[in-house]
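See structure below.
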Amino acid sequence: MADSPDLTDLLGRPALEVAPRLLGAVVAHGGVAVRLTEVEAYDGAEDPGSHAYRGRTDRNAVMFGPAAHLYVYFTYGMHHCCNVVTGPEGQASAVLLRAGEVVSGLPVARRRRPAATKDRDLARGPARLCRALDIDAAQDGTALVGGAVTLTLPDRFVPEGHVRTGPRVGLRGAPDRPWRFWVADEPTVSSYRPARPRNRGTGR
DNA sequence: ATACAGATTGCCT
DNA sequence: GGCAATCTGTATG
């Protein structure tokens, strides 16, 4: 179904529906293109783990806006991660781009990610992906249609049999739903890493 | 105003 | 496998 992949197909649809359809899509910016192999859905209205769960702020404002725009956030004091806003407007639904394979601009991507010893690690992880694509706060709110960052859907969606799903872990109060989607047998998919509990509360 | 946790990553042993 | 880096949003006094 949905044999005519187009960005307009994404408009107004919940993130959980859009996420698997973004697998195989190509994101391009700054001379590098990445084919998405892992994404994660967020829904501001129902997801306690979403940045938009507690309402609109300066930081998450883009999530509440129209679909097909890029929501970029800064985290851990050093990393950027980017999402595709899926709409409908006001719902704050978005899909986090977690990992992908660099399909164009390999030399440029390698230069931006000196820590990556293998090409498969260039965009293996949400912050790494942004780094490889040179996406930061300057791209927050960028339109994915006619903007500097382009999103091209694949000729055909990744077959259902090749799509893997899994529940997120480490989010309190989050229902067990398949939030995460990735392409089976892809070396660029980020390995699952449980949240690190903070055990250092000695106050000194 | 102050404290802590976070949609992470890279370097340490 | 474990933890430091480093800044913002959110909770609490």
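Bear in mind that the values here come from a model prediction, so they are computed numbers and not experimental data. Sequence lines set the chain letters: A, B, ... in the order given, protein chains first and strands last, and positions in each chain run from 1.
- Residues A:Val95 and A:Asn83 are not in side-chain contact: their nearest non-hydrogen atoms beyond the backbone lie 4.5 Å or more apart.
- Distance NE2 (A:His51) to P (B:dA5): 16 Å, rounded to an integer number of Å.
- Across all non-hydrogen atoms, the minimal contact from A:Ala45 to A:Tyr53 is O-CE1, 4.5 Å.
- At a threshold of 4.0 angstrom between heavy atoms, the contacts of A:Phe74 are confined to the sugar-phosphate backbone, with no base atom among them.
- The nearest whole Å value for the distance from the CG atom in A:Asp121 to the P atom in B:dT8 is 16 Å.
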I'd like a table of donor-acceptor pairs (distance under 3.5 Å, sequence neighbours excluded) in which one partner is a side-chain atom from residues 138-148 of chain A, with atom names and distances.
| from | atom 1 | to | atom 2 | distance (Å) |
| --- | --- | --- | --- | --- |
| A:Gln139 | OE1 | A:Asp136 | N | 2.9 |
| A:Asp140 | OD1 | A:Val72 | N | 2.9 |
| A:Thr142 | OG1 | A:Gln139 | O | 2.8 |

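- Listed pair A:Arg131 / B:dT8 fails the phosphate criterion, with no side-chain N or O lying under 4.0 Å from OP1 or OP2.
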(message) Show me the dot-bracket string of DNA chain B, counting Watson-Crick or G-U pairs under 3.5 Å, with | for pairs to another strand and [ ] for crossing ones.
(response) ||||||.|||||.

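- A distance cut-off of 5.5 Å between ring centres, combined with a plane angle under 30°, places A:Tyr76 in a stacking arrangement with the base of B:dG6.
- Side chains of A:Cys82 and A:Leu129 form a contact here, defined as non-hydrogen atoms less than 4.5 Å apart.
- The aromatic ring of A:Tyr73 does not sit over the base of B:dA7; the criterion of centres under 5.5 Å apart with planes under 30° is not met.
- Here A:Arg13 pairs with A:Glu17 under the salt bridge (Lys or Arg N to Asp or Glu O under 4.0 Å) rule; sequence neighbours left out.
- B:dA7 and C:dG1 have their C1' atoms separated by 23 Å, with the value rounded to a whole Å.
- Phosphate contact (OP1/OP2 of B:dA7, side-chain N/O of A:Arg180, threshold under 4.0 Å): absent.
- Scanning for salt bridge (Lys or Arg N to Asp or Glu O under 4.0 Å) contacts around A:Arg110 gives A:Asp119, with sequence neighbours left out.
- Spacing between atom CG of A:Asp43 and atom P of B:dA7 amounts to 16 Å, rounded to whole angstrom units.
- For A:Thr8, the side-chain hydrogen bond (donor to acceptor under 3.5 Å, both in side chains) partners two or more places apart in sequence, or in a different chain, are A:Asp6.
- The NE2-P distance, from A:His80 to C:dT6, rounds to 14 Å in whole Å.
- For the pair A:Leu129 CG and B:dG10 P, the interatomic distance rounds to 13 Å; values are reported in whole Å.
- At whole-Å resolution of the value, CZ in A:Arg113 and P in B:dT9 are 8 Å apart.
- With sequence neighbours excluded, the residues forming a side-chain contact (heavy atoms from CB on, under 4.5 Å) with A:Ala99 are A:Thr37, A:Glu38, listed by chain and number.
- When distances run from any side-chain atom of A:Met78 to the nucleotides B:dT9, C:dA5, B:dA7, the shortest one goes to C:dA5.
- Residue A:Tyr53 contributes atom OH, which lies 17 Å from atom C1' of B:dG6 at whole-angstrom precision.
- Rounded to an integer number of Å, the gap from A:Arg112 CZ to B:dT9 C1' is 18 Å.
- Taken residue by residue, residues 83-96 of chain A places heavy atoms nearer than 4.0 Å to DNA chain B at A:Asn83, A:Leu96.
- Among residues two or more places apart in sequence or in another chain, the ring pair (Phe, Tyr, Trp, His ring centres under 6.0 Å) test is passed with A:His29 by none.
- Applying the side-chain contact (heavy atoms from CB on, under 4.5 Å) test to A:Ala116 and every residue at least two apart in sequence or in another chain returns A:Arg113, A:Asp121, A:Leu122.
- The ring pair (Phe, Tyr, Trp, His ring centres under 6.0 Å) check on A:Tyr73 picks up A:His51, A:Tyr71, with sequence neighbours excluded.
- For the segment residues 54-64 of chain A, the set of residues with a heavy atom within less than 4.0 Å of an atom of DNA chain C comprises A:Arg54, A:Thr57, A:Arg59, in numerical order.
- Not counting sequence neighbours, the partners of A:Pro187 by the side-chain contact (heavy atoms from CB on, under 4.5 Å) test are A:Arg120.
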